[in-house]
Asker: 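Pasting in a structure now, in structure tokens, and then I'll have a few things to ask.
Numbering starts at 1 and runs along the sequence shown. Quantities reported herein were computed from a predicted structural model and do not represent experimental measurements.
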Amino acid sequence: LGCDKLPGGRGHGEPVRLIIDLPNDQDIVDLLVHQPGRKRLVASSAGRGFIVGEDDVLAATRNGRQVLNLGKGETAQAFVIVTGDHVAVIGRNRKLLVFPLSEMPEMGRGKGVMLQRYKDGAMADVKTFTGADGLTWTGPSGRTMREEDFSDWLGRRGSAGRMAPRGFNRHGRFA
């Protein structure tokens, strides 16, 4: 959405759905200010995802561009900025998996690869981080928690993971 398409500063504004022709049965996952060359991690509720360049996501039409192919019953879950060298994925079953960012493919569009395997359930959240800084999340009391030694949760992409550390949110989100 170009800045020239935004409504003026006067009045009561205009719904985003009308500006971009978004159907009522679809939701907005994330809004961003484009930075050329920046990478994003795209993931579905089924735990599949990939890395895409922001330049590949831009669209010239009001209908946008479909980047993530979804299966029946799946929803787009995450569109996070890629920073650091590790990926952390947590499922609704509260199992956490950490793996190197190098195991993630970079694609222009598609279904993606399995980030974490679930017997029953779905992905709750995903984030990228620098391993030397440790894994951080917002705890139940609103404080930022840090796990410097995340080796208990380190594994290969596509495995099930282990129960989240003590103090992790019940809702299974990093922020």
Asker: Looking at CG of L154 and CG of L97, how far apart are the two atoms once the value is rounded to the nearest 0.5 Å?
Answerer: 8.0 Å
Asker: Using the rule that two of Ile, Leu, Val, Met, Phe, Trp, Tyr join whenever any of their side-chain heavy atoms come within less than 4.5 Å, decide whether F99 and V113 are in one cluster.
Answerer: no
Asker: What pairs with A124 under side-chain contact (heavy atoms from CB on, under 4.5 Å), at least two apart in sequence or on another chain?
Answerer: I90, R92
Asker: If you define the side chain from C-beta out and look only at heavy atoms, does anything of L115 sit under 4.5 Å from R48?
Answerer: no
Asker: If you look at every heavy atom in L96 and A164, which pair is closest and at what distance?
Answerer: CB-CA, 4.2 Å
Asker: Between L101 and F50, is there a shared hydrophobic cluster once you connect ILVMFWY residues whose side-chain heavy atoms come closer than 4.5 Å?
Answerer: no
Asker: Strictly by modelled atom types, are K127 and T136 linked by a side-chain donor-acceptor pair under 3.5 Å?
Answerer: yes
Asker: Does any pair with a residue in residues 121-142 pass ring-ring contact (aromatic ring centres under 6.0 Å, His included), and if so which ones, sequence neighbours excluded?
Answerer: H86-F129, F129-F150, W137-F168
Asker: If you count heavy atoms of other groups shown closer than 6.0 angstrom to CZ of R109, is the number above 12?
Answerer: yes
Asker: Please tell me if the side chains of V87 and L41 come closer than 4.5 Å, counting only heavy atoms from C-beta onward.
Answerer: yes
Asker: Short question: side chain of N169, backbone of H171 - any donor-acceptor pair under 3.5 Å?
Answerer: no
Asker: Report yes if the side chains of F174 and T138 come closer than 4.5 Å at any heavy-atom pair, otherwise no.
Answerer: no
Asker: Can you tell me if Q116 uses its side chain to pair, donor with acceptor, with the backbone of A122 under 3.5 Å?
Answerer: no
Asker: Please evaluate residues D55 and H34 with respect to the criterion side-chain hydrogen bond (donor to acceptor under 3.5 Å, both in side chains), reporting the C-alpha separation (whole Å), side-chain torsions for both, the decisive distance (0.1 Å), and the verdict.
Answerer: CA-CA 8 Å; D55 299 330; H34 172 63; 3.2 Å; yes
Asker: Between V33 and R38, which heavy-atom pair has the shortest distance, and what is it?
Answerer: O-NH2, 2.9 Å
Asker: Quick one: does any side-chain atom of T128 pair with a main-chain N or O of T83 as donor and acceptor, under 3.5 Å?
Answerer: yes
Asker: Any side-chain heavy-atom pair from V67 and D56 closer than 4.5 angstrom?
Answerer: no
Asker: Does anything in residues 147-158 form a side-chain hydrogen bond (donor to acceptor under 3.5 Å, both in side chains)? List the pairs, not counting sequence neighbours.
Answerer: D149-S151
Asker: Tell me whether V89 shares a hydrophobic cluster with I51, the cluster being built from Ile, Leu, Val, Met, Phe, Trp, Tyr side chains joined at under 4.5 Å.
Answerer: yes
Asker: Could you tell me whether a side-chain N or O of R117 sits under 3.5 Å from a main-chain N or O of S159, the two making a donor and an acceptor?
Answerer: no
Asker: Are M123 and S45 packed together at the side-chain level, in the sense that at least one heavy-atom pair is separated by less than 4.5 angstrom?
Answerer: no
Asker: Is the side chain of E74 donor-acceptor paired with the backbone N or O of G71 at a distance under 3.5 Å, no angle test?
Answerer: yes
Asker: CZ of R94 to CE of M163: how many Å apart, nearest 0.5 Å?
Answerer: 5.5 Å
Asker: Can you name the nearest heavy-atom pair linking A88 to V98, along with the distance?
Answerer: CB-CG2, 4.1 Å
Asker: Applying side-chain contact (heavy atoms from CB on, under 4.5 Å), name anything that partners V42, two or more places apart in sequence or on another chain.
Answerer: V52, L68, F79
Asker: Test of understanding: clusters of I, L, V, M, F, W, Y form through side-chain heavy atoms closer than 4.5 Å, transitively. Do L70 and V57 belong to the same one?
Answerer: yes
Asker: So, using side-chain contact (heavy atoms from CB on, under 4.5 Å) as the criterion, who are the partners of T130 when residues are at least two apart?
Answerer: D85, A132, D133
Asker: Restricting to side-chain contact (heavy atoms from CB on, under 4.5 Å), what partner residues turn up for R166, sequence neighbours left out?
Answerer: none
Asker: Any ion pair linking E54 and K39 (charged N to carboxylate O, less than 4.0 Å)?
Answerer: no
Asker: Group every Ile, Leu, Val, Met, Phe, Trp and Tyr by side-chain heavy-atom contacts under 4.5 Å, then state whether L135 and M145 land in the same group.
Answerer: yes
